[in-house]
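What follows is one structure encoded as structure tokens, with my remarks underneath.
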Protein chains: 2
Amino acid sequence: MEDFSFQNKTAIRFGKNRIDEELHDAVAQFGHNVLLTYGGGSIKKSGLYGRVMAALSDLNVVELSGIAPNPKVTSIRAGQKLAKEHVIDVILSVGGGSVLDAAKVIASAKFYEGDPWNLIGVAGTKRRHQLAQLPVVDILTLAATGSEMNNGSVISNAQLNMKLDSFGPQTPAVSFLDPQLTYSVSKWQTAAGSFDIFSHLAEQYFDRATANDVTSGIIEGMMRAIIKWAPIAVQEPDNYDARANLMWGATMALNDFASLGNANDWTVHPIEHELSAYYDITHGVGLGILTPRWMKRVLSTETQARFARYGREVWHLTGDHDQLVAQAAIQATYDWIKSLEIPMTLPGVHINDDTNFVRMAQNAVRVGRLDHNDGYVNLTVDDVVAIFGASMTTDGFE
Amino acid sequence: MEDFSFQNKTAIRFGKNRIDEELHDAVAQFGHNVLLTYGGGSIKKSGLYGRVMAALSDLNVVELSGIAPNPKVTSIRAGQKLAKEHVIDVILSVGGGSVLDAAKVIASAKFYEGDPWNLIGVAGTKRRHQLAQLPVVDILTLAATGSEMNNGSVISNAQLNMKLDSFGPQTPAVSFLDPQLTYSVSKWQTAAGSFDIFSHLAEQYFDRATANDVTSGIIEGMMRAIIKWAPIAVQEPDNYDARANLMWGATMALNDFASLGNANDWTVHPIEHELSAYYDITHGVGLGILTPRWMKRVLSTETQARFARYGREVWHLTGDHDQLVAQAAIQATYDWIKSLEIPMTLPGVHINDDTNFVRMAQNAVRVGRLDHNDGYVNLTVDDVVAIFGASMTTDGFE
């Protein structure tokens, strides 16, 4: 178990219809000038936009819409300009993790004079921690990224084929989590979001730290909850219990509690970021395709005890033979992802040839330091190319 | 799953020897005048006192020692006087949960003009939330109560035979958790503390809320960690991994994360508080005696599915018959508590007759509103008397 420091000040308001009564004060405590950020307009169709504007009717609200999935630096630039021009006091993000990720970087960009792409990546994170950051309030409409209770953002630059992390000094100030607001999320996005949650848990579960059983147990319990409720949410979009477990599970999966005491260097996410950067595919779907192949690649006599524990505690597998339980656990993982109706190969998301595999693998290894970081098992460029290659077919799984 | 609001600002510094480098600034950020609270002087024997005084050598440190287990209101009164007289800016608690519980109430009492016993109990909590509260920094030396990351305190009044809760507006500002500082905890206190942790988890696990699987899974995972490591800590006091899992488990068991989405009304603690109030027994030991009897008392066709889940997920029991798995889970709980060398009857802690059973049961039902609260199963005075009665012998368990 590793030493750690931890503090997370985000205020959570979880439950039904709380924004109508509580949003105004949650925002107005920080000032009068509000930058409202959102995506493609589904919040207008659903009526959420109207509820928000009604709650904030006595405040000055400036809008930034059109923030896309895999949010682009172009949105950050637009937000930076608005935040400066309108002397914004607080940002209200209404939408999923992409909108919120953008809002968090805009919150720093307000206090930065240069191009906000300089706030992305390792050097950008260092820069952000020197800056002030506007408070961010959010209303979440998609259970997936956990952005609502952490300080991370993932921002893409389409010109550069890059998708990189950025961490600010602050987590959101207040996050409103109403599971009902996710009833309208499509099957596809529900499945992708659910696997994003699961992947966050898996990245933290397969960790180099030993004897960290409190954290391991917490993750196992959350995995079981996601495994149980994700297929139900996919089939019954307005099942409150399913949506509530996914929503709170998403938050808890990435608010640091599931990683405390870990070495905590990730593997599959940096690989997936290359897929999203090159092909703009849905992040959770990319993770769903890659994860079982990554598991098979790193299963060895060294790792099989951990995978066997995963099989027993998460999948209720029995048997004394670690290697067999481990293999069955990986197969169970694959079968569950497939049951969410996620396409299980790269051709299923229209990546039909290996043209970019080596380049993407090189980037992933370099950016994620996969060959020498503290990840569970270090990976070479060849390993990553092999994981991409294994993702071209269902061989070995079906 | 119930709606909830949540925010916890405590900064955690977990790991080895961090106080020597970090304690000074963690305290001095709040001011120059420090009230140092501690217990019976074991921190002088261990050298911890010297390390603390070295770290704070440039600050004004006023001392309040002698804070006892089941901390008494007399200590609060003494602390209130010192805090006012010396214009204290920050309290540093060095010790276990009792010392810290007292520190948290003194932190409010500084701003209160009357007798601090008025800050205890339901009315006292209401009063405390009107008051300011000094920041509290703590160095924990016992893994048990979770006081290091919550806003609760339990204070006893020996004159009145009362032991009551009090909740302040703030959790500790900074908590230093060094598992090495618990190496010197006796077998008895290690066992009692471990069961206190387990009991906190059980009180939150057996809850009226349904379909709260994220929280349920988190608790199950933590229970397994405590079950695994507590006996090791009892047998090998300087096993770092054991001490680390107990210490972080204690914090996570009662920093609200294990109850979010629950109805969260407790049952066994109010009953145990009567035992401690009347007989001043060790809290965790009282819980260890009462809990298996409480489980048997509330096991029914309505509750057996939950107890069976508990048996399968926590104790790895198999079998399809819920009632049998539930019974086996209760027996496993008993056997594990006994393995910690906790005396398993009331006579084992020198309570040899039933003189006070009815009076204690009446108090527990009244103070804990056990017959009409949102607890897992409501209990009458007769139920509580029967639980006390069943605790007189090992009948039914051995």
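Only this structure's heavy atoms are used, side chains among them; waters, hydrogens and symmetry mates stay out. Model, not experiment: these values are computed from the prediction. Lettering of chains follows the sequences in order, A, B, ..., and the numbering in each one begins at 1.
- A centroid separation of 6.0 Å or more is found between the aromatic rings of B:W248 and A:F6.
- For the set A:W229, A:Y240, A:F14, the entry with the most heavy-atom pairs within less than 4.5 Å of chain B is A:F14.
- Contact residues of residues 303-318 of chain A toward chain B are A:E313, A:H316 (heavy-atom distance under 4.5 Å).
- Between chain A and the residues B:E22, B:M223, B:M222, B:E2, the most heavy-atom pairs under 4.5 angstrom are made by B:M222.
- Residue contact with chain B, scored on non-hydrogen atoms closer than 4.5 Å, is absent for A:N239.
- Residue-level contacts of residues 193-213 of chain B with chain A, in order of numbering, are B:A211, B:N212, B:D213; threshold 4.5 Å between heavy atoms.
- Of the listed residues (B:A258, B:A242, B:A225), the greatest number of heavy-atom pairs within a distance under 4.5 Å of chain A belongs to B:A225.
- Residues A:M252 and B:I218 form a side-chain contact, since some pair of their non-hydrogen atoms from C-beta on lies under 4.5 Å apart.
- Looking at B:R18 and A:S5, their side chains do bring a donor and an acceptor atom within 3.5 Å of each other.
- Only the backbone of A:N8 has a heavy atom closer than 4.5 Å to any heavy atom of chain B.
- Minimum heavy-atom separation, A:K9 to B:K9: CG-CG, 4.1 Å.
- Residue B:T10 touches chain A through its backbone alone, counting heavy-atom pairs closer than 4.5 Å.
- For B:R13, the parts sitting under 4.5 Å from any heavy atom of chain A are the backbone and the side chain alike.
- Minimum interatomic distance between B:N245 and A:V214 (heavy atoms only, all atoms of both residues): OD1-N, 3.0 Å.
- The structure places CD of A:E220 at 10.5 Å from CD of B:E220, a figure rounded to the nearest 0.5 Å.
- The contact between B:N255 and chain A is made entirely by side chain atoms (from C-beta outward), counting heavy-atom distances below 4.5 Å.
- Within the 4.5 angstrom heavy-atom criterion, atoms from both the backbone and the side chain of A:M1 approach chain B.
- Separation of atoms CG (B:D3) and CG (A:N17) is listed at 8.5 Å; rounding is to 0.5 Å.
- Contact annotation for A:M149: only side-chain heavy atoms (C-beta onward) come within less than 4.5 Å of a heavy atom of chain B.
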